[in-house]
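The next block holds one structure in the form of C-alpha cells; read it before the comments.
The figures here come from the full heavy-atom set of this structure, side chains too, leaving out hydrogens, waters and symmetry mates.
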Amino acid sequence: PAQQNSTNRNTAPHHPGSTLHFNTNFDGIPTTAMIDTGSTHSLISMTYAKSSGLLNTRKMTKTRNLKPKAANGSQIKWYGNITVNMEIGNSFIPVELIVADIRENVIVGNNILMAINSMIDLSSMTLRCEIGTLVNRIPLISTTLNKNTTSNCHVVHLRYQLKKSKTKSTPHTVCNQ
C-alpha cells in the first residue's frame, strides 16, 4: 500500500474546512490523492505525472474538449488524458486522469468515486469501495485548512462540451499543501 507522505495530515475526525485524502497507488507508484466529490473528472498534476514516471509508461491522449478554469476565471492548463491502473485496497481498476497544472498530486473526482461504488464514512474516517464482490475500507486522511493555508486554495471549474450547444461547468477545490 501507498505510504503517507505528509506530516500535516492525520486521521483525526474530519472538520469543516478540511480536505480528505487517501493513500493509493497508480501503476504501482504510491501517492496520496485528494477526494473531490464536486468534480466530475479526476486530475493528475503534470509535475507529479512526470516525476513519478507515469508519462514514461503511458501514452497521453487529448480526446476531450475541456476548458478548465479557476474560480477567478483564469485558464488552467491541461495537457491530455492518461489511463492508469489504480490500487483500491486489494483491487486494481483502470482509471482516466486529466493531466493538468494543479498543486495536488492527484484529485479523485466522481468518475473514479462512482466506478468504485464509493461511500465516504466520516464517523469511521474510511472510504468504502465496492469493486465487484470485493469490499474495501480505505483509511481517510483529514487535512485541516488553517489561516496559513486557506489563502493557497482556489476552486477550479472544469468546463466541457455536453452537446454542440450545451456546456457544463463543475467546480472542485485545489489547495497548496
Side-chain angles (χ1 to χ4, degrees), residues 1-9 19-70 74-118 120 126-127 129-132 134 136-143 152-161 170-177:
Q3 298 297 311
Q4 186 171 329
N5 65 4
S6 177
T7 56
N8 66 344
R9 296 177 177 166
T19 58
L20 293 173
H21 295 76
F22 65 98
N23 293 323
T24 188
N25 290 300
F26 291 95
D27 284 353
I29 300 165
T31 192
T32 302
M34 184 179 89
I35 296 174
D36 187 353
T37 60
S39 178
T40 58
H41 297 82
S42 298
L43 298 96
I44 185 169
S45 83
M46 174 57 97
T47 302
Y48 176 71
K50 283 181 179 178
S51 68
S52 67
L54 287 171
L55 290 182
N56 297 335
T57 59
R58 296 293 180 161
K59 183 179 177 185
M60 187 167 35
T61 60
K62 198 163 188 173
T63 57
R64 297 178 186 261
N65 185 20
L66 294 173
K67 297 176 186 173
K69 291 190 176 191
S74 64
Q75 191 78 27
I76 300 293
K77 184 166 180 140
W78 73 286
Y79 303 90
N81 311 316
I82 60 172
T83 301
V84 295
N85 291 312
M86 180 178 184
E87 182 180 355
I88 301 288
N90 297 321
S91 302
F92 295 87
I93 61 164
V95 296
E96 182 182 58
L97 300 169
I98 296 168
V99 182
D101 283 340
I102 60 172
R103 292 180 181 150
E104 293 284 339
N105 286 347
V106 177
I107 297 174
V108 172
N110 286 326
N111 66 315
I112 293 176
L113 295 173
M114 289 170 46
I116 61 174
N117 299 307
S118 66
I120 298 170
T126 58
L127 177 66
C129 310
E130 194 173 320
I131 302 169
L134 190 60
N136 294 290
R137 292 188 186 278
I138 311 301
L140 291 174
I141 303 160
S142 179
T143 303
N152 294 327
C153 296
H154 59 278
V155 176
V156 175
H157 289 269
L158 287 179
R159 295 182 190 272
Y160 57 97
Q161 200 75 32
T170 305
H172 72 272
T173 304
V174 178
C175 298
N176 185 17
Q177 298 299 321

Taking all atoms of both residues into account, what is the closest heavy-atom pair of [X] and [Y], and its distance?
X	Y	answer
H21	E104	NE2-OE1, 3.3 Å
C129	I138	SG-CG1, 4.1 Å
F22	I88	CE1-CD1, 4.2 Å
S42	G109	OG-N, 2.8 Å

Query raised in the report: To the nearest 0.5 Å, what is the distance between CD1 (I82) and CE (M60)?
Result: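 Nearest 0.5 Å value for the CD1-CE distance: 7.5 Å.
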**Report entry** Gap between atom CE of M34 and atom CG of N105 - 0.5 Å precision
**Finding:**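 These two atoms lie 11.5 Å from each other.
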Report task. Check whether any side-chain heavy atom of L97 sits under 4.5 Å from a side-chain heavy atom of N81, and report yes or no. Result ->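 No, side chains not in contact.
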Requested in this report: Would you mind reporting whether I131 and F92 have side-chain heavy atoms less than 4.5 Å apart?
Outcome: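 Not in contact.
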Query raised in the report: Where do L113 and T37 land on the side chain to side chain contact (heavy atoms under 4.5 Å, CB included) test, with the steps shown first?
Result: CA-CA 8 Å; L113 295 173; T37 60; 4.0 Å; yes
Report task. Could you give me the CA-CA distance, side-chain angles and deciding distance for E130 and N117, then say whether side chain to side chain donor-acceptor pair (under 3.5 Å) is met? Result -> CA-CA 5 Å; E130 194 173 320; N117 299 307; 5.5 Å; no
Requested in this report: Measure from the side-chain N and O atoms of N25 to the backbone N and O of M86, and report whether any donor-acceptor pair falls under 3.5 Å.
Outcome: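 Side chain of N25 to backbone of M86: no pair is present.
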Query - Under 3.5 Å donor-acceptor, T24 side chain and E87 backbone - result: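 Answer holds: yes.
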Query - Where at least one partner belongs to residues 24-35, residue pairs that pass salt bridge (Lys or Arg N to Asp or Glu O under 4.0 Å), sequence neighbours excluded - result: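 Counting only pairs at least two positions apart or across chains, the salt bridge (Lys or Arg N to Asp or Glu O under 4.0 Å) contacts touching residues 24-35 are D27-R58.
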Query - Check against side chain to side chain contact (heavy atoms under 4.5 Å, CB included), V95 and N111 - result: CA-CA 8 Å; V95 296; N111 66 315; 5.7 Å; no
**Report entry** Residues which pass side-chain contact (heavy atoms from CB on, under 4.5 Å) with N56, listed by chain and number, not counting sequence neighbours
**Finding:**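 Applying side-chain contact (heavy atoms from CB on, under 4.5 Å) to N56 gives none.
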Requested in this report: Not counting sequence neighbours, which residues clear side-chain contact (heavy atoms from CB on, under 4.5 Å) with L134? List them please.
Outcome: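 Testing L134 for side-chain contact (heavy atoms from CB on, under 4.5 Å), a comparison that skips the adjacent residues, returns N90, S91, N136.
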For residues 43-50, tabulate all N or O donor-acceptor pairs below 3.5 Å that involve a side-chain atom, not counting sequence neighbours.
residue: S45; atom: OG; partner: Y48; partner atom: N; Å: 2.9
residue: Y48; atom: OH; partner: P30; partner atom: O; Å: 3.3

Requested in this report: Could you tell me which residues satisfy side chain to side chain donor-acceptor pair (under 3.5 Å) with N85, sequence neighbours excluded, listed by chain and number?
Outcome: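 Once residues adjacent in sequence are excluded, N85 has no partner under the side chain to side chain donor-acceptor pair (under 3.5 Å) criterion.
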**Report entry** All side chain to side chain donor-acceptor pair (under 3.5 Å) counterparts of S52, not counting sequence neighbours
**Finding:**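 With neighbours one apart ignored, the set is empty.
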**Report entry** Steps toward side chain to side chain contact (heavy atoms under 4.5 Å, CB included) verdict (I35, I107)
**Finding:** CA-CA 6 Å; I35 296 174; I107 297 174; over 6 Å; no
Query - Passing option when L20 is tested against I141, I120, L127, V108 for side-chain contact (heavy atoms from CB on, under 4.5 Å) - result: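 In the set I141, I120, L127, V108, the residue that makes a side-chain contact (heavy atoms from CB on, under 4.5 Å) with L20 is I120.
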**Report entry** Worked verdict on V99 versus W78 for side chain to side chain contact (heavy atoms under 4.5 Å, CB included)
**Finding:** CA-CA 6 Å; V99 182; W78 73 286; over 6 Å; no
